[in-house]
Amino acid sequence: MSAEITVTVNGHPRTVPAGIRVREALDAAAGRDVIAARVNGKLVDMNRTLDADATLEPVAADSPDGLDIIRHSTAHLMAQAVQSLYPGTQVTIGPTIEDGFFYDFAPPRPFTVDDLPKIEQKMRELAKADLKVERVEVPRAEAAETFARMGERYKVEIIDGIPEERVSIYRQGDWMDLCRGPHVPSTRYIRAFKLTGVAGAYWRGDERNAMLSRIYGTAFATKEALEEHLKLIELARTRDHRKLGRELDLFLFDPISPGSPFFLPKGAIIYNELIDYMRRLYRRYGFDEVITPQVFRNDLWRTSGHWDNFRDNMFLTTDQEGDGRIDASPDGWRHGYAFKPMNCPGHTFVYRAEKRSYRDLPLRIADFGRLHRAERSGALHGLTRVRTMAQDDAHVFCAPEQVAAEIDLNLKMVRDVYEALGFERLESKLATMPEKHLGTVELWRETAAALGQALDRNGLPWVENPGEGAFYGPKIEIYVPDALKRKWQLATIQLDYNMPERFDLTYTSNAGVESRPVMIHRAILGSLERFIGVLLEHTGGVLPFWLAPEQARVLSLSEKVEAYAAEIAATLKAKGFRVHADLRNEKLGFKVREAELAKVPYMIVVGEREAATREVSLRLRGARNETMPFERLISLLGDERVPS
RNA sequence: GCCGAUGUAGCUCAAAGGUAGAGCAACUGACUUGUAAUCAGUAGGUUGCGAGUUCGAUUCUCGCCAUCGGCUCCA
């Protein structure tokens with residue numbers, strides 16, 4: 001090793017002694033807000049030493065890398081505070097997540113929100129103490145021994161899973177943690193943080209394991225950035241679809257049927273408009289709609305595989321495990337039925353309505369049937385996780401050689417719909433074979449590969465979602481975030497070679513050979529319920545004209561113009577618009593305010609001036625008003641009747 | 001299902017071991033109104049449900065149900 005090395009900082013080479021610390025190597029570039037460095041592309045601590053030529057870039061506290069380091073260090077600080085306040089608490093893992101971090105603990109008793117202020121206070125003390133954060137490397141066995149002596153069983157388990165022979169440990173004051181790093185140079189660099197919540201979480205995410213106690217928090221480079229983030233979250237809460245649903249009279253929930261929305265008249269309009277929209281697309285894309293039963297004999301579910309793979313999520317008509325045939329008991333005829341959780345098995349009977357040939361394929365069968373799923377109580381969440389729903393479901397029965405084209409067709413539909421509805425960023429995943437599955441491993445590998453190629457062909461970037469496929473086949477999943485950035489799966493395209501086999505579906509090929517069709521399961525909106533939930537959060541309840549439950553409201557200024565206002569409302573209603581007249585004995589300001597809060601797109605104000613000239617004063621939601629002839633208003637509204 | 005929290009009028013929230021109060025909404029009346037709240041009055045609650053402790057529970061304890069934040073699971 002030579003005594004001198006060359007470091008290149010921000011493109012400027014410099015000769016320095018070997019063994020120099022990163023901080024000194026950065027020299028002038030090491031400003032007050034620099035907390036780490038990228039050395040040859042890898043993030044390292046300021047206190048690491050350099051023994052060979054290297055390229056360095058400073059990492060500022062407010063850069064994405066810097067924030068990640070700060071949050072990770074804040075998680076450590078929190079763990080230190082927790083262990084000093086609650087002796088006997090073991091640490092487990094504490095990663096950074098989007099906008100923050102968490103740390104999972106195994107405490108003598110679970111934490112509650114009341115513990116958080118105390119922990120925050122301790123963290124502030126530790127930060128102020130300016131404890132140096134030091135990195136040491138030790139052999140793996142030694143680390144395991146150290147943590148075992150400390151009674152940290154979880155850390156030992158983590159160390160046992162690390163393949164490297166040496167592991168790094170970070171110390172700050174009298175506290176230490178196994179960690180890859182890097183971290184801030186000292187605790188004083190942690191100045192803007194907040195603990196945001198507590199939650200239970202299973203060790204390693206497996207419900208068979210112990211329940212740990214998780215504390216969530218967030219941290220930023222400055223107090224201002226933290227404040228701004230907290231304010232944004234507050235704002236996002238006002239877009240919660242559950243709140244909007246109540247405020248806008250769209251739907252309600254009642255313990256009488258948990259997880260099952262009652263769509264009120266206004267909510268039902270949105271629901272039905274979305275269905276109408278999909279029906280128009282179906283005509284364009286060649287789908288035929290069917291209507292199928294709600295309840296089926298268990299025989300169906302046994303054949304489809306739902307009985308073995310999905311029964312825990314199904315509502316059964318009785319607790320008898322019968323097959324739907326009459327048994328000896330007085331109510332025997334009712335036994336052995338279940339509500340459908342999916343449409344697919346029923347659709348095989350539509351396929352089998354006729355002897356099929358290659359000329360019938362692809363056969364595209366759509367169904368808005370209501371589904372029921374016995375979701376676990378803790379999983380329910382407004383409209384986005386319900387026990388009864390309708391999907392814009394369809395099953396494509398096609399020949400194997402038609403699969404690629406059919407997937408492309410449906411991906412194109414996905415792009416059409418989400419573009420029309422204003423969703424710009426879609427995230428795609430490819431879900432592969434789950435533990436509970438039908439069919440062979442090779443078949444799963446092939447079909448998953450086909451879906452991956454389809455995503456590539458259609459220019460949709462994707463990541464794998466291992467083990468998350470449906471039990472009958474791999475899935476393309478399209479995710480859209482809600483107001484709080486929680487991601488929900490909406491569209492899905494699933495490839496299925498198993499269901500046709502189980503129901504022995506066939507078609508006659510053009511060579512006259514009995515052949516097996518392939519089934520593609522797909523939904524574009526996903527479920528109407530979840531889609532409406534996410535749509536409300538995206539728009540804050542400000543829906544496009546064609547979806548707005550109330551499209552226009554006529555506001556009369558006084559009793560003198562009641563007749564004219566009523567006439568306008570009646571004319572627009574006759575033309576098919578959803579219009580109401582507000583003829584109440586109230587001031588205009590009051591009526592405008594109510595219409596604004598109800599998020600009515602068009603407010604049509606009429607007073608004596610307008611009545612005299614057969615005009616209207618149009619106020620667009622949240623915008624200025626303009627006076628125009630009534631006739632012009634009619635054509636204006638007509639232009640917005642359907643989505644572009 | 002699991003961990004933690006919450007549950008008071010239609011909605012948003014107060015109060016309190018001696019059977020509850022406000023604002024908005026609803027209803028009635030006055031005001032006849034020009035682009036985000038006119039005024040006055042009336043009515044509305046077995047304090048989620050069920051037990052227990054207590055002279056007395058809506059308040060304390062336990063169980064159940066639901067909801068909220070997560071975990072698990074999923075469209």
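Here is how names work: the chains are called A, B, and so on, in the same order as the sequence lines, proteins then strands, and each is numbered from 1. Only heavy atoms go into these numbers, but all of them, side chains included; no hydrogens, no water, no symmetry mates.
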Under 3.5 Å, which donor-acceptor pairs do the side chains of residues 196-203 of chain A form with other protein atoms, sequence neighbours left out?
from	atom 1	to	atom 2	distance (Å)
T196(A)	OG1	Y216(A)	O	3.3
W203(A)	NE1	E157(A)	OE2	3.3

Atom pairs, N/O to N/O, protein against nucleotides 5-11 of chain B, distance under 3.5 Å?
none

Checklist entry - Got a donor-acceptor pair under 3.5 Å from the side chain of Y202(A) to the base of G70(B)? => result no
Checklist entry - For F630(A), what residues pass the ring-ring contact (aromatic ring centres under 6.0 Å, His included) criterion, not counting sequence neighbours? => result none
Item to check | Sub-4.0 Å heavy-atom contacts from residues 206-219 of chain A onto RNA chain B, ordered by number | outcome: E207(A), M211(A), R214(A), Y216(A)
Checklist entry - Do R373(A) and C73(B) have a side chain to base donor-acceptor pair shorter than 3.5 Å? => result no
Item to check | Each stem that RNA chain B is part of, given as range with range (3 or more consecutive Watson-Crick or G-U pairs, under 3.5 Å) | outcome: B:1-7 with B:65-71, B:10-13 with B:21-24, B:26-30 with B:38-42, B:48-52 with B:60-64
Checklist entry - Can you find a side chain N or O atom of Q489(A) that sits less than 4.0 Å from OP1 or OP2 on A75(B)? => result yes
Next on the checklist: Applying side chain to side chain donor-acceptor pair (under 3.5 Å) as the test, list every pair that has at least one member in residues 480-490 of chain A; sequence neighbours left out.
Outcome noted: D99(A)-K485(A), D482(A)-R486(A), D482(A)-W488(A)
Item to check | Those residues of residues 460-476 of chain A lying under 4.0 Å from RNA chain B by at least one heavy atom | outcome: E468(A), K475(A)
Item to check | Under-3.5 Å donor-acceptor pair between R385(A) side chain and C73(B) base | outcome: yes
Checklist entry - With Q294(A), which residues qualify under side-chain hydrogen bond (donor to acceptor under 3.5 Å, both in side chains), at least two apart? => result none
Checklist entry - E375(A) has an atom CD; how far is it from atom P of A75(B), in whole Å? => result 9 Å
Checklist entry - In a check of side chain to side chain contact (heavy atoms under 4.5 Å, CB included) between V414(A) and each of L525(A), N458(A), I478(A), which one passes? => result I478(A)
Item to check | Per-nucleotide protein contact string for nucleotides 37-51 of chain B (B base, S sugar-phosphate only, - none; heavy atom under 4.0 Å) | outcome: BB-------------
Next on the checklist: Taking side-chain contact (heavy atoms from CB on, under 4.5 Å) as the definition, give me every residue that meets it alongside N625(A), ordered by chain and number, with sequence neighbours left out.
Outcome noted: S617(A), R619(A)
Checklist entry - Touch check for L557(A), heavy atoms < 4.0 angstrom, all strands: base, sugar-phosphate only, or nothing? => result base
Checklist entry - Parallel, tilted or perpendicular for H372(A) and F315(A), by the 30°/60° rule? => result perpendicular
Next on the checklist: Could you tell me how far apart H241(A) (NE2) and C68(B) (C1') are, to the nearest whole angstrom?
Outcome noted: 13 Å
Checklist entry - Would a distance-only check, ignoring hydrogens and angles, find a side-chain to backbone donor-acceptor pair under 3.5 Å from R373(A) to N313(A)? => result no
Checklist entry - Does the distance from a Lys or Arg side-chain N to an Asp or Glu carboxylate O, for R364(A) and E289(A), drop under 4.0 Å? => result no
Next on the checklist: Using a heavy-atom cut-off of 4.0 Å across all strands, would you classify A523(A) as base, sugar-phosphate, or nothing?
Outcome noted: nothing
Next on the checklist: Regarding A199(A), tell me which of base, sugar-phosphate or nothing describes its non-hydrogen contacts under 4.0 Å with the strands shown.
Outcome noted: base
Checklist entry - Does any pair with a residue in residues 230-245 of chain A pass salt bridge (Lys or Arg N to Asp or Glu O under 4.0 Å), and if so which ones, sequence neighbours excluded? => result E234(A)-R237(A), D240(A)-R242(A), K243(A)-E247(A)
Item to check | side chain to side chain donor-acceptor pair (under 3.5 Å) contacts in which one or both residues fall within residues 415-436 of chain A, not counting sequence neighbours | outcome: Y285(A)-D416(A)
